[in-house]
Amino acid sequence: MIQRNGGELAQTQRSADLLLTSLKSSSRIKRHLKNRQVPIADIRWLKDCVKEKELLPLDKYSIPVDDVSSRSTHDTSSTDSQGGSGDDKQSHANKGNDINKQSHTSKDSSNENKRDSDNYYLPKSSDILTKEFANAEPDVLSYEDTDSSNDESNSNDDGDSDDIDPNYNNTRYECLRPTPLRSKHNGKLVAYLRLLEKARELETNDKSALAYRHAISAIKAYPRKIQSEDEAGKIKGIGSKIKELTRIYLETGKVPEAEALLSDEEFRTLDLFNKCFGVGPATGKAWWDMGYRTLQQVLDHGTLSNTVRLGIQLLPDFIIPMKRSDVEELIDIVETQAASVNDQLLVTPVGGYRRGKQQSGDLDIVISSKQEIDMSDILLSMIDRLKSQGYIKHVLWKSRIGPSTKQDRLHKQRAADTDDNEDQVISKSFRRSGFDELPKAFTCFMQPSTGISRQVDLIIASFEEYPTAVLGWTGSRQFERSIRDYAKKEKNIKLSSHQMITRSMPERRISVTNEKDIFDALDIPFISPQNRNC
DNA sequence: AGGCAATACTG
DNA sequence: CAGTAT
DNA sequence: GCCT
């Protein structure tokens, strides 16, 4: 039945990516289990799929076996950029599902063909796709309170509650001071401001959103509990509007303007849409305006590019946070595969993981080399290898610029097809051949131990580019913005993830061999990755 | 009043 | 060029 | 929305 309908029957449990069974008790299932990495579902799923002629979500059929819930215990919504709205409360999708008998099957894990089989890698199921906010319970404001019984310790004496803490570096450049993962003393206020930031972003009020971001970073870095509106008003990044919000917060313990968003249907819907790869504020708003209220509706009725369709279909998995051990499992895979491509490769995990986040939404990896070697083709080699080993299931996005060689080929090809406007083509290829950016790919991995799809971004950097690439990809986003801003405004230096150059006319490249060199060249104190959570 | 990081791909 | 991604 |  599987093969007749375009599926493949795996030879072994290990190579399957879905197990179907009709066994009833989870203990019996466990005795037969050799592969805990993949979802287990009732065999009726298969029959129903055939009946409906489509791949149905697994959730109503999936059978929970794992008792060591792969979810983490407390989930305090992620720190940066990611939604401050602590949406889902532990979706324990699986309720009474126990059926009988067994049989296992399904897709082979290696091979990747572009036909329908792609679909078999897709949905894990979940209620996210059908989630609708019309009459839903409001979200609960989730925030990171590191300190319940605050004050004490420092706050030493003088706490003239209207003056800012003297230990605080009150600057407009976030990169000049340490910013921890979470606010130690003002977590709830930060959570409210995040909501407002998000709302501005979804309205495409970029500049306003940025202003909230500055304020949020400032407060996260602020070393004690803010006790008065005047104290808040003295912090750079907080102006009249946010000072007022702070006043309200201090008086009532709430920020109504933000609180309202927790139960606002449009906001919550746009926020959800926006979580899909390839879907930004404009697309989300367009969907809303067309009357779509769930992602499933969009899937069913919208006309979508392949990338966006994938983005939606992968969301149920991508939305599940990775614990550090999950991330490490993927790092191991990349390291192993890199070593077999070239033993000089150096694999460095960056992104939120490097900044110490306990939960990550994706994994960013810089692939460089221990010595100067030719890095052209490394990206493609890695992708090929990871695909053939069955780890990469999709490439969501891939840059095509790569160190010279094949790039030239591309451009020559192009120039050949369009002799129309020679000059344009030439100047274009000229700019590009200078390797403006790092070759990179955003991919979807299948995490072996859980069977969950994970977003993994691979970035290739040459030996020389390594330091700036690591700095640039470690983030946070706000840290990068501020350090580049500082470099430009204060030092007249142009900083990007692939180089650091003086802007004064004879542009000269500043050579650096590690991150510390970059801070030194800018003459600013080194900030450890754990303190770049602006 | 001007500026807010910096770049690349897609359609 | 507008939109999206990092 | 905030700083210069």
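Below, all heavy atoms of this structure are taken into account, side chains as well, without hydrogens, waters or symmetry copies. Each chain gets a letter, A, B and so on, in the order the sequences are listed, and its residues count up from 1. Treat the numbers as computed from the prediction; the structure is a model and nothing was measured.
In the region residues 478-493 of chain A, proximity to DNA chain B at under 4.0 angstrom, judged on heavy atoms, holds for A/Arg481, A/Arg484, A/Lys488, A/Lys489. Near DNA chain D, defined here as any heavy-atom distance below 4.0 Å, the residues from residues 238-255 of chain A are A/Ile238, A/Gly239, A/Ser240, A/Lys241, A/Ile242, listed numerically.
With rounding to whole Å, A/Arg309 atom CZ is found 17 Å from B/dT10 atom C1'. Rounded to an integer number of Å, the gap from CD1 of A/Ile312 to C1' of C/dT4 is 14 Å. A/Leu379 places its CG atom 15 Å from the C1' atom of C/dT6, with the value rounded to the nearest Å. Here B/dG2 presents its C1' atom at 14 Å from CG of A/Leu210, a figure rounded to the nearest Å. The separation between A/Phe442 atom CZ and B/dT7 atom P is 16 Å, rounded to whole Å. Distance, A/Lys440 NZ to B/dA6 C1': 11 Å, rounded to whole Å. Distance, A/Phe273 CZ to C/dG3 C1': 17 Å, rounded to whole Å. When the P atom of C/dG3 is taken as reference, atom CG of A/Leu304 falls 17 Å away, rounded to whole Å.
For A/Phe318, there are no ring pair (Phe, Tyr, Trp, His ring centres under 6.0 Å) partners at least two apart in sequence or on another chain. For A/Ile373, the side chain to side chain contact (heavy atoms under 4.5 Å, CB included) test picks out A/Asn342, A/Gln344, A/Leu345, A/Ser369, A/Met375, with sequence neighbours left out. With sequence neighbours excluded, no residue forms a ring pair (Phe, Tyr, Trp, His ring centres under 6.0 Å) with A/Phe445. Applying the side chain to side chain contact (heavy atoms under 4.5 Å, CB included) test to A/Leu210 and every residue at least two apart in sequence or in another chain returns A/His214, A/Gln478, A/Arg481. Remark: A/Tyr486 engages A/Tyr173 in a ring pair (Phe, Tyr, Trp, His ring centres under 6.0 Å) (not counting sequence neighbours). Applying the side chain to side chain contact (heavy atoms under 4.5 Å, CB included) test to A/Gln530 and every residue at least two apart in sequence or in another chain returns A/Ser528. Remark: A/Lys491 engages no residue in a salt bridge (charged side-chain N to carboxylate O under 4.0 Å, His left out) (not counting sequence neighbours). Residues passing the side chain to side chain contact (heavy atoms under 4.5 Å, CB included) test with A/Leu304 are A/Trp287, A/Val298, A/Leu299, A/Val308, A/Arg309, A/Ile312, sequence neighbours excluded. Scanning for ring pair (Phe, Tyr, Trp, His ring centres under 6.0 Å) contacts around A/Phe277 gives an empty result, with sequence neighbours left out.
Looking at heavy-atom distances under 4.0 Å, A/Thr283 makes contact with sugar-phosphate atoms alone, never a base. Note on A/Gln499: nothing from the nucleic acid sits closer than 4.0 angstrom, heavy atoms only. Contact annotation for A/Cys175: no contact, since no heavy-atom pair falls under 4.0 Å across all strands. Using a 4.0 Å heavy-atom cutoff across all strands shown, A/Asp364 reaches sugar-phosphate atoms only and no base atom.
Mapping heavy-atom proximity under 4.0 Å, the span of DNA chain D touched by chain A runs 5' to 3' from D/dG1 to D/dT4.
For A/Asp457, the listed nucleotide lying nearest its side chain is C/dT6; candidates were C/dT4, C/dT6, B/dA6. Picking from B/dC4, C/dG3, B/dC9 the nucleotide with the shortest atom distance to the side chain of A/Ser399 gives B/dC9.
Geometrically, A/Arg324 engages A/Tyr353 in a cation-pi contact defined by less than 6.0 Å to the ring centre and at most 45° from the axis. Both cation-pi conditions hold for A/Arg532 and A/Phe479: the charged atom is under 6.0 angstrom from the six-membered ring centre and inside a 45 degree cone around its axis.
For the pair A/Lys207 and A/Thr307, nearest-nucleotide mapping onto DNA chain B gives the more 5' position to A/Lys207.
A side-chain donor-acceptor contact under 3.5 Å links A/Tyr168 and A/Arg177.
Atom name C1', nucleotides B/dA5 and C/dT4: the rounded distance is 16 Å, in whole Å.
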